[in-house]
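These figures come from a predicted structure and were not determined experimentally.
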Amino acid sequence: MLNSYTAIDFETAQGKRWSICQVGLVRVENQIITEQLSILVQPPDNYYWNNFIDIHGISPEQTADAPTFDKIWHQIEPFIKNQNVVAHNGFAFDFHCLKQTLDFYEISTPEFTGHCTYRIFGDNLASLCNQYKINLNHHDALSDARACAQLFNLHLNKNLNFNGIR
């Protein structure tokens with residue numbers, strides 16, 4: 001059974017996956033959140049598309065003095081390297097963001113085992129949070145990562161109960 005994992009979420013400044021402007025990270029040990037991290041990141045050239053600002057509310061003014069991703073990677077890497085990593089829509093978005101951003105900064109991508117709550121539940125994050133009464137400030141990376149962690153815990157508990165282990 002998975003007894004520890006990291007839930008992640010990224011917000012991007014524009015259509016390029018390497019334009020991360022916020023990182024949300026939630027560490028879970030034995031189904032209990034033990035650490036949470038939210039970091040604003042300056043995307044390359046601090047360049048944003050207006051429609052992305054409209055989605056997440058993060059602007060170039062907010063990240064003008066923020067560190068670039070390569071400067072914060074040392075904080076994030078221990079939560080990802082050789083870990084179980086969960087993201088909502090991870091295989092279509094978040095895991096690509098991570099890889100492409102690391103490639104952009106010429107940093108090697110660590111090994112990790114990816115899990116996707118979208119693939120598990122088959123619905124969007126907002127609908128699932130409404131259905132399961134999970135608080136969500138959608139498109140805030142930490143809130144999205146926290147919601148993803150809660151959904152993954154529900155999945156783990158359902159499988160435990162289904163298998164008669166609990």
Atom pair [atom1] ([X]) and [atom2] ([Y]), whose distance is rounded to the nearest 0.5 Å:
X	Y	atom1	atom2	answer
Asp103	Thr109	CG	OG1	5.0 Å
Asn46	Thr63	CG	OG1	3.5 Å
Gln100	Tyr105	CD	OH	13.0 Å
Ser4	Asn30	OG	CG	7.5 Å
Leu136	Cys148	CG	SG	11.0 Å
Thr68	Asp45	OG1	CG	11.0 Å

Do [X] and [Y] belong together in a cluster built from hydrophobic side chains that touch within less than 4.5 Å?
X	Y	value
Val26	Ile76	no
Ile134	Val86	yes
Ile33	Ile80	no

Can you give me the closest heavy-atom contact between [X] and [Y], atom names plus distance?
X	Y	result
Gly90	Cys116	N-SG, 3.5 Å
Ala147	Leu125	CB-CD1, 4.2 Å
Lys71	Pro67	CB-CB, 3.9 Å
Gln42	Ala66	CB-O, 3.4 Å

Beyond-backbone contact of [X] with [Y], side-chain heavy atoms, under 4.5 angstrom:
X	Y	value
Phe152	Phe121	no
Val85	Phe79	no
Ile107	Glu77	no
Gln75	Ile72	yes
Leu142	Arg146	yes
Thr34	Val28	no

Does Asp65 CG have over 12 foreign heavy atoms under 6.0 Å away? no
Kindly check if the number of other-residue, nucleotide or ligand heavy atoms within 6.0 Å of CG (Asp54) is above 12? yes
So, the side chain of Asn124 versus the backbone of Ala126: is there a donor-acceptor pair under 3.5 Å, distance only? yes
Once the angle between the rings of Phe52 and His56 is folded into 0 to 90°, is it parallel (under 30°), tilted (30 to 60°) or perpendicular (over 60°)? perpendicular
With Phe112 as reference, evaluate Thr6, Leu98, Asn84 under the side-chain contact (heavy atoms from CB on, under 4.5 Å) test and give the passing residue. Leu98
Between Tyr118 and Phe91, is the ring centroid distance below 6.0 Å? no
For the aromatic rings, using the six-membered ring if either is Trp, is the centroid distance between Tyr5 and His115 under 6.0 Å? no
Connected-component partners of Tyr48 among ILVMFWY, side-chain separation under 4.5 Å: Leu40, Ile53, Ile58
Side-chain donor-acceptor contacts of residues 10-23 below 3.5 Å, not counting sequence neighbours, with atom names and distances?
unit_1	atom_1	unit_2	atom_2	d
Thr12	OG1	Gln14	O	3.3
Gln14	OE1	Lys16	N	3.4
Arg17	NH2	Ala92	O	3.4
Ser19	OG	Ala13	N	3.3
Ser19	OG	Gln14	N	3.2
Ser19	OG	Gln14	O	3.3
Ser19	OG	Lys16	O	2.7
Gln22	OE1	Ala141	N	2.9
Gln22	NE2	Ser38	OG	3.2
Gln22	NE2	Asp140	OD1	3.3

Side-chain donor-acceptor contact under 3.5 Å, Asp144 with His138: yes
Any side-chain donor-acceptor pair under 3.5 Å between Gln31 and Asn3? no
Intermediate values then yes/no, side chain to side chain donor-acceptor pair (under 3.5 Å), Arg27 and Gln36: CA-CA 6 Å; Arg27 184 68 187 163; Gln36 301 181 73; over 6 Å; no
Checking Leu102 against Phe69 for the side chain to side chain contact (heavy atoms under 4.5 Å, CB included) test, could you report, in this order, the C-alpha distance in whole Å, the side-chain angles of both residues, the deciding distance, and whether it holds? CA-CA 8 Å; Leu102 291 171; Phe69 192 86; 3.8 Å; yes
Which is it for Asn130 and Ser127 under the side chain to side chain donor-acceptor pair (under 3.5 Å) test, yes or no, and what are the steps along the way? CA-CA 5 Å; Asn130 186 48; Ser127 295; over 6 Å; no
